[in-house]
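Order of listing sets the numbers, starting from 1, for every ligand and every atom in it. Predicted, not measured: the structure shown is a model, and the values here were computed from it.
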Amino acid sequence: MNQIAQNIEIIQKTIAKAAKRAGRKAEDVHLVAVSKVQPDDKIEAALSAGHRLFGENRVQEAQSRWHERRAHYPDLKLHLIGPLQTNKAKDAVALFDVIETLDREKLARGLAAEMQKQGRKLPCFIQINTGDEDQKAGINPRNLPEFLELCRDECGLDIRGLMCIPPVDEPPALHFALLKKLAKEHGLPGLSMGMSADFEKAIPLGATYVRVGTGVFGARGL
Ligand SMILES: *Cc1c(COP(=O)(O)O)cnc(C)c1O
């Protein structure tokens, strides 16, 4: 078995154990393999291992990595997990299956217009800046009710859940718990939270998608 296949198997087992401990079903926690900056041979290894769910944080890079491969893997699912500029909404809607980083009105309107044009209604997650960090994308938790209403009622977007990236210097579980609480208050079923270092902690707090890059592929840029 190749190294990537082995990593995926180990992570899936860890997910399954964490889910079981939490009284959840393993199949309710999906592994998004974050393939940004990873070389082709590692991507191919993950695909050969049967993995089909990937996350990318830049539209152009994702296009060059996935545009052709898509044709060979009809069951491929691509999540956009990085900040999206409104002028890239067209390309993002054409390429991705799920947008996880919806975080402002202009983008909501731009995405809605593109989805309508392309006849593609993509599930979206709203990114929450749970740590209220200036440099980080995502809406402030207190603006969620208003933003959710705009996304759903005015833009007609299909909002499936919430996503967060906790501050590096704080216990991630606090942020996962906050995201869970917000999702529950608004009846949203999806929670995208947890990365290589902390995905196990996100599962008892309700993660439905964990985004794991280095844990699957090894360090980026090697
Ligand atoms: C890169 C990235 C990840 C994966 O990070 P790892 O620490 O490599 O698992 C997860 N989420 C987002 C938003 C990212 O940009």
Side-chain angles (χ1 to χ4, degrees), residues 3-15 18 29-39 42-43 45-46 49 51-66 77-85 88 92 95-104 107 122-139 160-176 178-180 182-183 190-203 205-222:
Q3 184 64 52
I4 306 294
Q6 220 167 57
N7 293 347
I8 291 173
E9 192 178 301
I10 291 167
I11 292 167
Q12 295 283 24
K13 278 191 182 147
T14 308
I15 290 173
V29 187
H30 304 277
L31 171 61
V32 179
V34 178
S35 46
K36 65 185 184 199
V37 202
Q38 298 289 354
K42 293 189 175 181
I43 307 299
H51 199 76
R52 292 294 181 269
L53 174 55
F54 294 87
E56 289 281 351
N57 70 338
R58 303 177 74 129
V59 177
Q60 256 172 319
E61 186 191 331
Q63 270 175 328
S64 65
R65 185 166 297 118
W66 293 107
K77 294 277 182 246
L78 289 181
H79 285 213
L80 178 65
I81 61 168
L84 177 57
Q85 290 170 262
K88 302 247 172 69
L95 181 70
F96 287 96
D97 300 286
V98 174
I99 307 288
E100 292 201 13
T101 47
L102 180 53
D103 65 351
R104 60 197 189 276
L107 180 61
L122 308 189
C124 296
F125 284 60
I126 293 173
Q127 183 173 356
I128 307 286
N129 188 355
T130 55
D132 201 10
E133 296 171 282
D134 287 340
Q135 78 285 7
K136 203 163 269 174
I139 66 162
R160 296 285 177 89
L162 304 177
M163 176 269 208
C164 77
I165 309 170
V168 287
D169 54 355
E170 288 180 27
L174 293 176
H175 296 270
F176 299 154
L178 172 59
L179 204 69
K180 179 186 176 171
L182 292 168
L191 283 172
S192 172
M193 56 191 199
M195 320 203 311
S196 296
D198 54 22
F199 71 92
E200 273 187 84
K201 294 190 183 115
I203 293 168
L205 289 163
T208 58
Y209 291 94
V210 294
R211 311 178 306 266
V212 181
T214 49
V216 170
F217 295 105
R220 283 179 282 277
L222 294 183

Quiz prompt | Heavy-atom side-chain proximity of Glu9 to Gln12 below 4.5 angstrom | solution = no

Show me the short polar-atom pairs for ligand 1: any N or O of it lying under 3.5 Å from a protein N or O, with distances only.
unit_1: ligand 1; atom_1: 8 (O); unit_2: Thr214; atom_2: N; d: 2.8
unit_1: ligand 1; atom_1: 8 (O); unit_2: Thr214; atom_2: OG1; d: 3.2
unit_1: ligand 1; atom_1: 8 (O); unit_2: Arg220; atom_2: NH1; d: 2.8
unit_1: ligand 1; atom_1: 8 (O); unit_2: Arg220; atom_2: NH2; d: 3.2
unit_1: ligand 1; atom_1: 9 (O); unit_2: Ser196; atom_2: N; d: 3.0
unit_1: ligand 1; atom_1: 9 (O); unit_2: Ser196; atom_2: OG; d: 2.4
unit_1: ligand 1; atom_1: 9 (O); unit_2: Gly213; atom_2: N; d: 2.8
unit_1: ligand 1; atom_1: 11 (N); unit_2: Arg211; atom_2: NE; d: 2.9
unit_1: ligand 1; atom_1: 15 (O); unit_2: Lys36; atom_2: NZ; d: 2.7

Exercise. Say whether, by atom type as modelled, one donor and one acceptor occur between the side chain of Lys88 and the main chain of Val59 under 3.5 angstrom.
Key: no

Quiz item: Between Arg211 (side chain) and Val34 (backbone), is there a donor-acceptor pair under 3.5 Å?
Solution: no

Quiz item: Considering the options Glu56, Lys42, Arg65, which one meets the side chain to side chain donor-acceptor pair (under 3.5 Å) requirement together with Ser35?
Solution: Glu56

Exercise. Keeping the roles fixed (side chain from Asp103, backbone from Gln127), state whether a donor-acceptor pair exists under 3.5 Å.
Key: no

Quiz item: Of the non-hydrogen atoms in Asp198 and Pro172, which two are nearest, and what is the gap between them?
Solution: OD2-CB, 3.6 Å

